[in-house]
Amino acid sequence: EAGLSTRAVAEKLPKRLAVSKTTITSYENGTSVPDVDTLGALANLYHRTINWFLENRTGLSDFRYRNLK
């Protein structure tokens with residue numbers, strides 16, 4: 001939705017969170033869940049509220065991190 005690759009998302013998050021592009025992919029696939037600090041950083045990056053990520057979702061798999069054809 002934001003036109004960012006998983007690498008770009010990982011690079012834009014604060015370094016203190018140490019989130020790799022592989023970790024972003026696992027959030028995207030719903031195989032892992034971000035901690036509260038990472039979730040807050042993702043919310044800021046995407047200009048969303050934290051609640052947007054939590055509403056009616058079992059994971060972040062409904063969120064597209066990259067432009068797919």
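Along the sequence shown, residues are numbered consecutively beginning with 1.
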With a 4.5 Å limit on heavy-atom distance, are the side chains of [X] and [Y] in contact?
X: Thr25; Y: Thr31; result: no
X: Glu28; Y: Thr6; result: yes
X: Pro14; Y: Leu17; result: yes

### Task
Kindly write out the residues that satisfy side-chain hydrogen bond (donor to acceptor under 3.5 Å, both in side chains) with Asp35, not counting sequence neighbours, or none if the list is empty.
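Asp35 satisfies side-chain hydrogen bond (donor to acceptor under 3.5 Å, both in side chains) with Thr38 once adjacent residues are dropped.
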
### Task
Any chance you could measure Tyr27, atom OH, to Thr22, atom OG1, to the nearest 0.5 Å?
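So the OH of Tyr27 and the OG1 of Thr22 are separated by 11.5 Å.
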
### Task
To the nearest 0.5 Å, tell me how far Ile50 CD1 sits from Asn44 CG.
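If I round to the nearest 0.5 Å, the distance is 8.0 Å.
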
### Query
For residues Ser20 and Thr23, is any side-chain donor paired with an opposing acceptor at under 3.5 Å?
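Distance-only check passes for Ser20 and Thr23.
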
### For the student: nearest non-hydrogen atoms of Ala43 and Thr49, plus distance
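Heavy-atom minimum between the residues: CB-C, 4.1 Å.
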
### Query
Considering all heavy atoms of both residues, which atom of Leu13 and which atom of Ala41 are nearest to each other, and what is their separation?
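The answer is CD2-CB, 3.6 Å.
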
### Task
Enumerate the residue pairs fulfilling side-chain hydrogen bond (donor to acceptor under 3.5 Å, both in side chains) with a member in residues 8-18, sequence neighbours excluded, ordered by first and then second residue.
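Listed by first then second residue: nothing to list.
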
